Trainee: 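One structure, pasted below without further comment.
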Amino acid sequence: MIGSDSDRIPSVSVSDRHHGDASNHSHSHPHPHVHSDESLRRIINRLSRIEGHIRGVKNMVQESRPCPDVLVQIAAVRGALDRVARIILDEHLTECIARAAKEGNIDVEIEELKAALDRFIP
């Protein structure tokens, strides 16, 4: 049944995704996630478009549109999400990883990235 409790995607907080269980967090100090205003605007705009696209897919289902049409739109949403993820990953590598290398805690940052990628890549 569409929309049943068993179909819901489990929620994961930003802190859970980035750091895992807070009790297992190994940083001696938190590092800032600083994005330029331009970068933040780009990411937010893309996510807003994806949000609108998902609403459109939901409407298609509510209107009983043909399954192949819905699946094509779901594939488009997945592609858009993958592109946003790529932007965020690129920025993480250029900003966070580079900063960690300069600060001498690259191993911790690499482990956090691996943990995030394990959740991201099926």
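Treat the numbers as computed from the prediction; the structure is a model and nothing was measured. By convention here, the first residue in the shown sequence is residue 1. For the numbers below, each heavy atom of this structure counts, side chains included, while hydrogens, waters and symmetry mates do not.
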Trainee: Starting at CG of N105, measure out to CD1 of I110 and round the result to the nearest 0.5 Å.
Mentor: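 Going from CG on N105 over to CD1 on I110, the span is 10.5 Å.
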Trainee: How many angstroms lie between atom CD of E38 and atom CZ of R42, to the nearest 0.5 angstrom?
Mentor: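 Separation between the atoms: 6.5 Å.
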Trainee: Give the cluster check for L113 versus I106: same hydrophobic cluster or not, with ILVMFWY residues linked at side-chain heavy-atom distances below 4.5 Å.
Mentor: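 L113 and I106: one cluster.
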Trainee: With a 4.5 Å limit on heavy-atom distance, are the side chains of S39 and I43 in contact?
Mentor: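 SC-SC contact between S39 and I43 confirmed.
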Trainee: Give a yes or no on whether D37 atom CG has more than 12 heavy-atom contacts from other residues, nucleotides or ligands under 6.0 Å away.
Mentor: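 Result for CG/D37: open.
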Trainee: Applying side chain to side chain contact (heavy atoms under 4.5 Å, CB included) to D82 and R86, what does each step give before you reach the verdict?
Mentor: CA-CA 6 Å; D82 285 345; R86 177 59 192 251; over 6 Å; no
Trainee: In Å and rounded to the nearest 0.5 Å, what is the CD to CG distance from E63 to D69?
Mentor: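 Between atom CD of E63 and atom CG of D69 there are 11.5 Å.
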Trainee: Check for me, please, whether V61 and I74 land in the same ILVMFWY cluster - side-chain distances under 4.5 Å, paths through other members count.
Mentor: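 The answer is yes; both residues are in one hydrophobic cluster.
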Trainee: Provide the closest heavy-atom pair for A76 versus R83 in the form atom of the first, atom of the second, distance.
Mentor: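 Residues A76 and R83, closest heavy atoms: O-NH2, 4.4 Å.
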Trainee: Measure the shortest side-chain to side-chain distance between E91 and I87 over non-hydrogen atoms and say whether it is less than 4.5 angstrom.
Mentor: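 Side chain of E91 against side chain of I87, heavy atoms only: contact under 4.5 Å found.
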Trainee: Which distance, rounded to the nearest 0.5 Å, do you find between the CD of Q73 and the CZ of R78?
Mentor: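 One finds 13.5 Å between CD of Q73 and CZ of R78.
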Trainee: Membership question, hydrophobic clusters at under 4.5 Å side-chain separation (ILVMFWY): are I97 and L89 in the same one?
Mentor: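 Shared cluster, yes.
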Trainee: Counting distance only, does the side-chain N/O of R119 pair as donor-acceptor with the main-chain N or O of A115 below 3.5 Å?
Mentor: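 Checking the backbone N and O of A115 against the side chain of R119, no donor-acceptor pair under 3.5 Å is found.
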Trainee: Which heavy-atom pair separates I50 from V77 by the least distance, and what is that distance?
Mentor: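 So the minimum-distance heavy-atom pair works out to CG2-CG1, 4.1 Å.
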Trainee: How close do V70 and M60 get, heavy atom to heavy atom, and via which atoms?
Mentor: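 Minimum heavy-atom contact is N-CE, 3.8 Å.
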Trainee: Roughly how far apart are L93 CG and E109 CD, rounded to 0.5 Å?
Mentor: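 L93 CG to E109 CD: 9.5 Å, rounded to 0.5 Å.
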